[in-house]
Amino acid sequence: MDYLAQIVIFICIYAILAGSFNLLVGFSGLFSIAHGAFFGIGAYTVALLTAPTAGLLPAPMSVWLAMPLALVVAALVGMVIAIPALRVHSDYLVVLSFGFQMVVVGIFLNWTSVTGGEGGVTGVPRPEFFTLDLTSPVTFLLYAAVVTVLCFVLLWRMTSSPFGRMLRAIREDEVAAGALGKHVVRSKVLVFALASALAGVGGVLFAQYVRVVDPSSFTINTSVEVLAMLILGGLGNMLGSAVGAAILIALPEALRFLNVGAGDAEQVRQIVFGVLLILMLRFRSQGLLPEYWTPAWLRRLRNRRILQAAEADASGQLPEAILGRAGGVTADGPLMVVEGVSKSFGGIQALKDFSMELPAGRISGLIGPNGAGKTTAFNLITGFLSPDSGRVWLRGHDITHARPHELAALGVSRSFQNLRLFSKMTVLDNVLVARPRQSGESLWRALLSPRATDRETGRNQRVALDILGFVGLRARALELAENLSYAEEKLLVLARMLAMEAELLLLDEPASGLDPQSVEKLFGMIRDLVERGKTVCIIEHNLDVIKDLTHRVVYLDEGRAFAEGTPDRIMSNPELAERYFGV
Amino acid sequence: MEIFLQLLANGVILGSEYALLGISWGIIFNVTGTFHFAHAIVYTLGAYVAIFCFATLGLPFTVSCLVAVVLAAVVGMLIEILFYEPMRRRSATSMTILITSLGILIVVESLIPIFFGAASLSMGGVETQPISLGPVFFTNIHLAKVITTWALVGGLMAFLHFTRSGKALRAVGSNPQMAAVVGLNIRRLYLLAFAIGSAMVAIGGILQAMDTGAYYTMGTQAVIIAAMAVLLGGMGSFFGSALGGLFIGMAMSLSIWGLPSEWQLTIGFGTLVVVIALRPRGFLGGKVVKSEV
């Protein structure tokens, strides 16, 4: 009985590790090898603060005080690693976390005066609940199980809230997430700190159960073991992490019963984990439980609820909510003014003293030969690039050096030539994640006022389904975005922009690659939107489209606005015709 | 002052060791973009095979080294052919390729003690002779380390800049799509990068075995230092990887002036964090790696 309880306790500890690692790797797409180190930081902190033999403090600290402290230490150390790495690129985190993992074990080993070196810290006390002490494995199991359930409730809540949806969007495409107004770097750092703190929880349980903390438990091998549990269970599925932990803890115990590889038990264990990793990634990379896997009955129930809600208010109309600031009324004058903007890359001048105006409530076209600087112009006015000189104004506010997420908040939305959909998320989630000002994207709100968050999500879901109805994708709402046809993908791009309630829609070649019918449908929608007060600017090569759709045209060539006027005037200009067509 | 000169010399020796690690990992990373952590086992294998051939089979020294280097190049290419290439073809993410690489590292590293035992092995046979240069002391093996490393770095740079295949490697590294468009054989060039990197790291492994002996976990620390050197030198810069390694070695060695030697790795890592915070592109990196719009 005690033996069985011990195995379940280890399953609990590793389930916490795998779950928190999943938050990082599976949900947020951040790869770190340092999970074993954070596990160790939690364990060592609690051991050093509470063990009478540690000698770090004059007298051991209360267990109840030391436990939260251990989490705080793990989270803070996590941030110190994450901030320099994630400011740049996730690739840097791979190398920095690997180095950090080695360094932490080195510190545990070498800072002998504090950590006790190879022997570690002994005599870690267990917490006491009034008269109930946790001396037997069975009573400790109760405590460990409660902590594990709490951790998983927290993880599940985090990942199924708007906060979790935002993390997945960042994982799928951080450029697009930024364009939708998400704070990419801040969210990544926060999630790294959280995952580190939760690994620290695992460490606390480990230290209190084993009562001896030494460096060998927190090496890179531990990180790889947890990684194997994660891959086995399924990236992006929390239940999978628990299942993976259970299997990989129970398996070596079973092997021990069968007396396999008794002489080199540790080596055999590592080989089993490594081979499992390679085979899973080769033959079933989604793991035992794939990301969107839920029990069939639960899925049916949820889908029925979503589709019924959609049925109930299926107006086929564009919901009023997304008309946003414009509120269906067209303002006068220019919405955006670009004033003498220049940008060069190395020696190449992409834009030279480029100026244009986008009148409110109108469709403007940006035309010109390939390499004229059209997409560069879009990148400049949406904050993805900063101009070398010149100014950009939005409704009279200087937005020259604003970042993409700030511009999204000001009502500027854009599409990308390569679409940048969140392909491993559902169509509905692609639209939902674009909704502005979601209080549930703040982690604390999502955790502390779940009711309000759920109500808000319910409202957003109705709006999102209405938008999908408007573009004709409602029937596909629960499909993964990667399963859509190209025409449907382009409609989803538009739906995502609409969900932002943006006033200004910047469309980069929306018609390319579409059949004539889809183009007609798309342009019908764009006209509809402009009638309701939106402002549109479109990059396009097809001059028939430009003539048909736009109110005015800016002709861009060699990085300069060459001419500006009505489509007819621009196209009848013989000089421009010669430049464009070479006739 | 004398201590300083000695530490400086130690720094050059350690830095050369790391420069070789850095450039050998860097050529693979910069050309193929793979986080090839299984590079660690190629390094360890180089050392173990050379020792096995020389000490156990009794082959001549040069033949043993040659066998080890060729075998390492073959193992490196096999890892690419059997694991990475099929995954890339199925458009696996760089994260799954990197996890596979870790899996290979763990499996092989656990197999070594089963076959060769867990004790440290020494090369033997090559006599260590102390050399003194004024107040500075080192050994003939240290000298061999420094000379071999910089000869290899120089040779590789000449190859990359003056030969057709070398130029093609650099082109593939900076823009694989464009390289494919102009008709370069990407698969062959990737294999070439793995062969060169693996052969170079095996030489590093042999030198290490001659200097301090071989241990079955020697590769893990080596590969992380190599990756840190590449980041420090700047992603995309081949010479930068060697320079990054030299810098880490110097920083580690000079830190002994004020700190016990156990803290070397911590110092090396701290140096990297500070440099990345101040100058994300590293020493010679052309541009910061960011998601392209």
Side-chain angles (χ1 to χ4, degrees), chain A residues 25 29 31 33 80-81 83-85 87-92 94-96 98-103 106-107 109-112 173-175 178-179 220-221 223-224 227-228 231 235 261 263-264 266-271 273-282 285 375 378-379 382 384-385 416, chain B residues 29 33 35 37 83 86-87 90 92-114 118 220-221 223-225 227-228 230-232 235 260-270 272-278 280-281 287-293:
Chain A
V25 180
F31 192 79
I33 305 177
V80 172
I81 300 306
I83 289 173
R87 255 183 50 216
V88 197
H89 189 273
S90 307
D91 278 359
Y92 285 65
V94 174
V95 178
L96 281 187
F98 200 151
F100 180 72
Q101 171 67 53
M102 306 296 281
V103 163
I107 291 174
L109 263 177
N110 297 323
W111 200 7
T112 322
D173 193 321
E174 58 180 74
V175 170
I220 186 165
N221 291 349
S223 297
V224 175
L227 193 59
I231 300 290
L235 285 169
D264 304 288
E266 187 51 33
Q267 264 78 35
V268 170
R269 222 166 95 96
Q270 294 299 328
I271 293 169
F273 284 145
V275 168
L276 192 88
L277 262 183
I278 298 168
L279 290 181
M280 281 305 284
L281 287 176
R282 177 71 186 79
S285 57
T375 299
F378 264 26
N379 285 338
T382 51
F384 284 94
L385 293 172
F416 297 91
Chain B
F29 180 76
F35 281 97
F37 289 132
F83 296 99
M87 295 187 81
R90 287 179 295 124
T93 60
S94 68
M95 190 164 84
T96 48
I97 296 177
L98 140 69
I99 299 174
T100 303
S101 190
L102 271 177
I104 300 169
L105 165 60
I106 291 288
V107 170
V108 180
E109 198 180 87
S110 309
L111 283 171
I112 294 174
I114 295 179
T220 307
Q221 178 157 339
V223 79
I224 182 54
I225 295 219
M228 279 163 48
V230 171
L231 220 61
L232 197 63
M235 289 185 184
S261 61
E262 307 85 271
W263 297 105
Q264 282 195 4
L265 184 64
T266 312
I267 293 297
F269 178 72
L272 177 67
V273 172
V274 171
V275 173
I276 292 303
L278 299 179
R281 68 177 68 172
K287 61 168 197 255
V288 176
V289 184
K290 265 194 176 163
S291 303
E292 304 267 318
V293 178

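Letters go in sequence order (proteins before strands), and every chain restarts at 1.
Neither the backbone nor the side chain of A:Arg269 comes within contact range of chain B; no heavy atoms are under 4.5 Å apart. Contact of A:Ile107 with chain B is made through backbone and side chain together, with heavy-atom distances under 4.5 Å. The contact between A:Phe100 and chain B is made by backbone and side chain atoms together, counting heavy-atom distances below 4.5 Å. In this structure, chain B has no heavy atom under 4.5 Å from any part of A:Leu276. Heavy-atom distances place the side chain of A:Ile81, and not its backbone, under 4.5 Å from chain B.
Between atom CE of residue B:Met235 and atom CG of residue A:Asp91 there is a gap of 5.0 Å, rounded to the nearest 0.5 Å.
Between B:Met228 and A:Met102 there is no side-chain heavy-atom pair separated by less than 4.5 Å. By the 4.5 Å heavy-atom criterion applied to side chains, B:Thr100 and A:Leu277 are not counted as neighbours. Considering only heavy atoms from C-beta on, B:Ile276 stays 4.5 Å or farther from A:Arg87 through its side chain. Side-chain contact check for B:Phe35 versus A:Phe31: every heavy-atom pair is 4.5 Å or farther apart.
If you tally non-hydrogen atom pairs under 4.5 Å between each of A:Leu385, A:Leu227, A:Asp173 and chain B, the highest count goes to A:Leu227.
In this structure, the side chain of A:Tyr92 does not engage the main chain of B:Leu231 through any donor-acceptor pair within 3.5 Å.
A:Val224 approaches B:Ile106 most closely through the heavy-atom pair CG1-CG1, 3.7 Å.
Aromatic rings of A:Phe98 and B:Phe37 (six-membered ring for Trp) have centroids within the 6.0 Å cut-off, being under it.
Remark: A:Val275 pairs with A:Ile271, A:Leu279, B:Val107 by the side chain to side chain contact (heavy atoms under 4.5 Å, CB included) rule, at least two apart or across chains.
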